[in-house]
Visitor: 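Please read through the structure below; I'll follow up with questions.
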There are 2 protein chains.
Amino acid sequence: MQTILLVDDEQDVLDFLTYTIQKEGYRVFTARNGKEAVDKTIELSPKLVLMDLMMPIMDGIEACIAIRNNTSISQPIISLLTSRSEDYSQIAGFDAGADDYIAKPIRPRLLLSKINALLRRPISGEAQPEQDGRLHIDRSSYLVRLDNERIELPKKEFELLELLASRPGKVFTRDQIMSIVWGNEAIVGERTIDVHIRKLREKLGNDYIRTVKGVGYTYNTI
Amino acid sequence: MQTILLVDDEQDVLDFLTYTIQKEGYRVFTARNGKEAVDKTIELSPKLVLMDLMMPIMDGIEACIAIRNNTSISQPIISLLTSRSEDYSQIAGFDAGADDYIAKPIRPRLLLSKINALLRRPISGEAQPEQDGRLHIDRSSYLVRLDNERIELPKKEFELLELLASRPGKVFTRDQIMSIVWGNEAIVGERTIDVHIRKLREKLGNDYIRTVKGVGYTYNTI
DNA sequence: GCTTAAGTTAACTCAATGTTAAGTCGAACT
DNA sequence: AGTTCGACTTAACATTGAGTTAACTTAAGC
């Protein structure tokens with residue numbers, strides 16, 4: 001079960017959101033201000049922190065910075081809750097390292113679908129894909145750089161490359177690739193993966209992805 | 001520790017706000033009118049001046065102008081305190097060089113959050129978003145300059161551009177754009193974002209905003 | 001050599017996005 | 001009050017290109 005830390009200074013909001021999120025099947029902890037949020041993040045290692053922007057003692061931005069600066073803790077996904085009126089602080093949030101925004105007033109349905117989406121995406125902290133010099137993969141800009149030349153990749157190609165590069169040397173089976181990049185719902189044909197691999201090789205050169213026949217594909221460790 | 005100059009002609013207000021702000025960990029000085037405010041600004045070089053609009057001897061607007069015109073002193077962030085009714089004077093305040101408004105009656109928590117936000121924000125005019133020369137976005141004057149030619153943008157377009165430019169290269173999803181620029185109250189149609197993107201491209205040229213199909217939009221880092 | 005996995009190519013499909021023009025609404029002006 | 005204006009939204013339609021498929025070729029392993 002995934003853990004979520006909920007941070008707001010208003011008890012009503014906490015109660016309501018806790019109820020809403022628990023019903024969806026998550027484990028919820030709460031904090032009342034930024035200081036508590038930082039402490040509990042360290043203590044509980046939540047996967048996701050939902051935090052109000054305006055709080056006494058330490059506001060959302062400060063807490064965000066504090067969490068991001070503490071490299072010894074496992075980095076949660078941080079999403080800030082904000083009122084539409086306080087618009088100038090919104091941009092500061094991204095600078096502070098927040099991953100997403102959720103605008104108040106909060107619609108429960110929307111909130112849950114956002115939470116699900118945020119938690120479904122690749123683990124932000126772990127396994128930074130690839131730094132070895134030649135190739136650089138940046139998820140936030142959806143951009144790949146090869147020898148400092150930028151290469152724009154379409155979504156699926158990017159995600160496929162990102163997956164392979166997240167563990168250089170590890171061989172991913174077609175099944176694994178299919179369920180991670182395509183999801184279990186999509187039933188696509190046998191050759192679809194091949195074609196995407198081909199497109200990647202076309203753009204990056206043949207050296208980066210190695211076929212392990214009968215098993216799958218791997219990102220080449222030189 | 002950051003220094004704040006508090007200016008109001010009512011002793012009650014001064015006492016209450018001084019207490020509130022000191023508790024948050026700022027150094028607070030006070031002044032009783034605009035004249036004093038200018039003098040103490042020169043003397044103390046505060047980071048932030050919180051000033052009532054209506055005062056005897058010299059009002060907030062005049063003091064604001066006096067401070068802005070004195071180029072030999074380090075420019076503080078100026079935020080004016082105003083009653084909701086006198087909102088017509090807000091325009092004059094911005095013209096006079098104020099950075100922000102805080103409406104009376106003052107809610108302590110809101111005030112503190114605003115102060116925190118203001119003091120984190122670079123002094124007005126000093127571009128946070130975008131440095132590359134061609135495009136200059138100035139939030140305080142709500143104005144965009146492209147190759148030194150001024151471009152006036154309506155609110156939504158400005159906010160959209162500001163968001164994208166706040167993190168050049170980062171791809172913002174439609175969801176994120178929607179909740180930040182529009183907020184969750186407004187449920188607008190599918191094509192609304194596209195149209196605003198189009199208007200921006202029309203005015204700025206196509207080079208600045210890149211579409212990442214299936215993901216979102218990004219401000220281009222050439 | 002036979003079998004099967006993977007590579008290749010080009011055509012196809014459809015959802016995502018682009019575009020245009022017209023409609024709505026509120027603010028400013030007369 | 002009526003009028004004008006422009007921001008914002010909507011709706012209808014056009015376009016694009018990512019993703020997929022199909023048909024065929026090549027390579028690997030026994």
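Every chain is numbered from 1, with letters handed out A, B, ... down the list of sequences.
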Visitor: Atom NZ of Lys156(B) and atom P of dG26(C): how far apart are they, to the nearest Å?
Guide: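 In whole Å, dG26(C) P and Lys156(B) NZ are 14 Å from each other.
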Visitor: Taking only N and O in the side chain of Arg198(A), is any of them less than 4.0 Å away from OP1 or OP2 of dG7(C)?
Guide: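 No, because none of the side-chain N or O atoms of Arg198(A) sits under 4.0 Å from OP1 or OP2 of dG7(C).
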Visitor: Using OP1 and OP2 only, check whether a side-chain N or O of Trp182(A) sits under 4.0 Å from dT20(D).
Guide: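 Indeed, a polar side-chain atom of Trp182(A) lies that close.
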Visitor: Whether Arg201(B) contacts dT19(C) is assessed here as follows: a side-chain N or O lying under 4.0 Å from the phosphate OP1 or OP2. Is that the case?
Guide: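 Negative; the distance criterion is not met.
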Visitor: So does His196(B) get a side-chain nitrogen or oxygen closer than 4.0 Å to the phosphate oxygens (OP1/OP2) of dA7(D)?
Guide: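 Checking dA7(D) against His196(B), no side-chain N or O comes under 4.0 Å of OP1 or OP2.
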Visitor: If you only use heavy atoms from C-beta on, which nucleotide in dT21(D), dG19(D), dC8(D) is closest to the side chain of Lys155(B)?
Guide: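 From the listed options, dC8(D) comes nearest.
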Visitor: What are the two closest heavy atoms between Pro76(B) and Thr41(B), and how far apart are they?
Guide: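 Reported closest heavy-atom pair: CG-CG2, 4.0 Å.
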Visitor: Going by an N to O cut-off under 4.0 Å, is there a salt bridge joining Glu202(A) and Arg198(A)?
Guide: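 The answer is yes: the pair qualifies as a salt bridge.
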Visitor: Distance check needed: dA18(D) P versus Ile197(A) CD1, whole Å only.
Guide: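 Checked: the CD1 to P distance equals 17 Å.
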Visitor: Tell me yes or no: between the side chains of Gln75(B) and Asn70(B), is some donor less than 3.5 Å from an acceptor?
Guide: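 No, no side-chain donor-acceptor contact under 3.5 Å.
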Visitor: Rounded to the Å, how far apart are Ile177(B) CD1 and dC8(D) P?
Guide: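 Rounded to whole Å, this separation is 16 Å.
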Visitor: Distance check needed: dT17(C) P versus Glu202(B) CD, whole Å only.
Guide: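 Rounded to the whole Å, the gap is 20 Å.
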Visitor: Just by distance, no angles: are the side chains of Gln176(B) and Tyr217(B) close enough, under 3.5 Å, to form a donor-acceptor pair?
Guide: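 Not at all, the side chains of Gln176(B) and Tyr217(B) share no donor-acceptor pair under 3.5 Å.
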Visitor: Between C1' on dT17(C) and CD1 on Ile209(B), what's the gap in Å once rounded to a whole number?
Guide: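 My rounded result for the distance is 14 Å.
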Visitor: Under 30°, 30 to 60°, or over 60°: which ring-plane class applies to Tyr219(B) and Tyr208(B), parallel, tilted or perpendicular?
Guide: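 Tyr219(B) and Tyr208(B): tilted rings.
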Visitor: Within this structure, what is the CD1-CD distance for the pair Ile137(B) and Glu162(B), rounded to the nearest 0.5 Å?
Guide: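 These two atoms lie 7.0 Å from each other.
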Visitor: How about Arg201(B) and Thr211(B): does a side-chain donor come under 3.5 Å of a side-chain acceptor?
Guide: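 Present: a donor and an acceptor within the cut-off.
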Visitor: Where along residues 210-218 of chain B does a heavy atom come under 4.0 Å from DNA chain D, residue by residue in number order?
Guide: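 When residues 210-218 of chain B is checked for heavy atoms under 4.0 Å from DNA chain D, the hits, listed by number, are Lys213(B).
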Visitor: Cation over ring, Lys156(A) on Phe158(A), under 6.0 Å and within 45°?
Guide: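 Cation-pi check for Lys156(A) and Phe158(A): fails.
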Visitor: For Leu160(B) and dT9(D), what is the distance between atoms CG and C1' respectively, to the nearest whole Å?
Guide: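 Result: 15 Å.
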Visitor: Relative to the 5' end of DNA chain C, which residue comes earlier, Asn206(B) or Val195(A), by the nucleotide with the nearest heavy atom?
Guide: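 Taking each residue's closest nucleotide, the earlier one in sequence belongs to Val195(A).
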Visitor: Measure the distance from CG on Leu200(B) to C1' on dA7(D) and round it to the nearest whole Å.
Guide: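 It works out to 13 Å between those atoms.
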Visitor: For DNA chain C, which residues in residues 187-194 of chain A have a heavy atom at a distance below 4.0 Å?
Guide: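 Those residues whose heavy atoms fall under 4.0 Å from DNA chain C, taken from residues 187-194 of chain A in numerical order, are Arg191(A), Asp194(A).
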Visitor: Would one find a side-chain N or O of Arg174(B) under 4.0 angstrom from OP1 or OP2 of dT17(C)?
Guide: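 Result: yes.
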Visitor: Could you check how far CD of Glu159(A) sits from C1' of dG19(D), rounded to whole Å?
Guide: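 It is 12 Å, rounded to the nearest whole Å.
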Visitor: Of Leu14(B), Asp9(B), Asn33(B), which is the lone residue that meets side-chain contact (heavy atoms from CB on, under 4.5 Å) with Asp52(B)?
Guide: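 Output: one option passes, namely Asp9(B).
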Visitor: Using atom types as modelled and distance alone, determine if a side-chain donor or acceptor of Thr218(B) lies under 3.5 Å from a backbone N or O of Arg210(B).
Guide: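 Absent.
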